[in-house]
Amino acid sequence: MCGRYANTKSGEELGRYFEADEVDEVRLPPSWNIAPTQQVPIVVDRLPKDDPDGMPSRLVTAARWSLVPRWATELASPYPTFNARSETVHEKSTFTGALVRSRAILPADGYYEWHTVGDGAKGTVKTPHYIHDPVEGELAFAGLYSWWRAPVAEGQPPSPWVLTATMLTRAAHGPAASIHDRAPVMLPREVWDEWLDPTVEGDQDLVTMVVHESEQVLERLELHPVAPLKGDGPELIVPLG
DNA sequence: CCAGACGTTGTT
DNA sequence: GTCTGG
DNA sequence: CCAGACGTTGTT
DNA sequence: GTCTGG
């Protein structure tokens, strides 16, 4: 799972870290409390417009967190699409198109998971934990993106395109597994290129590969409890106590 | 074949 | 309790 | 994912 | 658009 995370880096900083060739002018204020449907930074590789055989270039841009497939008629989905299960992403019509050739990285400083104690009934306590990579200081969530625009009546001016994105999830592993059974798929540097390559047709084998590679990241994560996530600011990731 | 859905997490 | 906006 | 709202009529 | 349950 991952339904809340932090990103405080500018587009320029992300461009340097992810070895991007271009950075779109994106207004993304630092946030320690990013929620689904908000704008988030994403990293994509795209082919030159007029030369599909040319070299891809790497771009940092912004997308709405919750993937909307091209055929959807509304921006707001009646079902959640901010996560995509790695186990089934290849067979879900909402995600299949994006898996084939629209893969992305969603950068993060760290993310949150809630440790639930109790049976869900009265007395259940949920404690948020902040989870991050002390080695790299940055996480690269494996994501997918999709362009969408609202349909319009014949003869009307077209609606603007909206870039949307989601991130893959997997069974938890490593330290974070002690508090929760799902985790985002996080990419080590050595698989960024293959995951982002738009000339590689994404399939379940590719997903299986990155899920496997994500274990080295999961194994080195650190986590600590934090106060309830209200508002926004650096205080949200301060260890509780 | 068409009609209708198209999703995740967590909890039971 | 349940829905929804962020 | 959680946090916060959850409603109407009529009057100002 | 694509998948699947009937």
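Just so we're on the same page: letters track the sequence lines, and every chain starts at 1. Predicted model, so just to flag it, every value in this text is computed and none were measured.
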d([atom1], [X]; [atom2], [N]) in whole Å:
{"X": "A/M167", "N": "B/dT8", "atom1": "CE", "atom2": "C1'", "result": "13 Å"}
{"X": "A/F82", "N": "B/dG7", "atom1": "CZ", "atom2": "P", "result": "14 Å"}
{"X": "A/Y5", "N": "D/dC2", "atom1": "OH", "atom2": "P", "result": "17 Å"}
{"X": "A/E91", "N": "E/dG5", "atom1": "CD", "atom2": "P", "result": "10 Å"}
{"X": "A/L99", "N": "E/dT2", "atom1": "CG", "atom2": "P", "result": "14 Å"}
{"X": "A/L236", "N": "C/dG6", "atom1": "CG", "atom2": "P", "result": "18 Å"}
{"X": "A/W32", "N": "C/dG6", "atom1": "CH2", "atom2": "C1'", "result": "18 Å"}
{"X": "A/E87", "N": "B/dG7", "atom1": "CD", "atom2": "P", "result": "14 Å"}

task: Compute whether any side-chain donor of one residue and acceptor of the other, for A/D197 and A/T199, lie under 3.5 angstrom apart.
output: yes

- request: Go through the side-chain N and O atoms of A/Y17 and A/E136 and say whether any donor and acceptor fall under 3.5 Å apart.
  value: yes

Quick check for you: among [options], whose closest atom lies nearest to any side-chain atom of [X]?
{"X": "A/S93", "options": "E/dG1, D/dC2, B/dT8", "answer": "E/dG1"}
{"X": "A/T88", "options": "B/dT11, B/dT8, C/dG6", "answer": "B/dT8"}
{"X": "A/K92", "options": "D/dC2, C/dG6, B/dT8", "answer": "B/dT8"}

- request: Determine, answering yes or no, if A/W71 is stacked on E/dG1 under the 5.5 Å centre rule and the 30° plane rule.
  value: yes

- prompt: With a centroid cutoff of 5.5 Å and a plane-angle limit of 30°, would you call A/Y112 stacked on D/dC2?
  reply: no

Need one value for [X]: base, sugar-phosphate or nothing, where a base atom within 4.0 Å counts as base even if backbone is also close, heavy atoms only.
{"X": "A/D181", "answer": "sugar-phosphate"}
{"X": "A/R4", "answer": "base"}
{"X": "A/T169", "answer": "sugar-phosphate"}
{"X": "A/A72", "answer": "nothing"}

statement: CD (A/Q38) and CZ (A/R4) are apart, to the nearest 0.5 Å, by 7.5 Å

If we take the [atom1] atom in both [N] and [M], what is their distance in whole Å?
{"N": "D/dG10", "M": "B/dA3", "atom1": "P", "value": "46 Å"}
{"N": "C/dT4", "M": "D/dG7", "atom1": "P", "value": "10 Å"}
{"N": "B/dT8", "M": "D/dC6", "atom1": "P", "value": "30 Å"}
{"N": "B/dA5", "M": "D/dT9", "atom1": "P", "value": "32 Å"}

- prompt: Phosphate oxygens OP1/OP2 of B/dT11: is one of them under 4.0 Å from a side-chain N or O of A/T116?
  reply: yes

task: Please determine if a side-chain N or O atom of A/T94 lies less than 4.0 Å away from the OP1 or OP2 oxygen of B/dG7.
output: yes

message: Counting runs of three or more consecutive pairs, Watson-Crick or G-U wobble, with each distance below 3.5 Å, where are the stems of DNA chain E?
response: B:1-6 with E:1-6

query: Out of A/T81, A/V100, A/T88, which residue meets the side-chain contact (heavy atoms from CB on, under 4.5 Å) rule with A/F95?
result: A/T81

- request: Give a yes or no on whether A/E213 atom CD has more than 12 heavy-atom contacts from other residues, nucleotides or ligands under 6.0 Å away.
  value: yes

message: If I compare all heavy atoms of A/W32 with all of A/D232, which pair ends up nearest, and what's the gap?
response: N-OD1, 2.7 Å

field: ILVMFWY cluster, A/L187 and A/V217 together (side-chain gap under 4.5 Å)
entry: no

- prompt: Which of parallel (below 30°), tilted (30 to 60°) and perpendicular (above 60°) describes A/Y5 and A/W65?
  reply: perpendicular

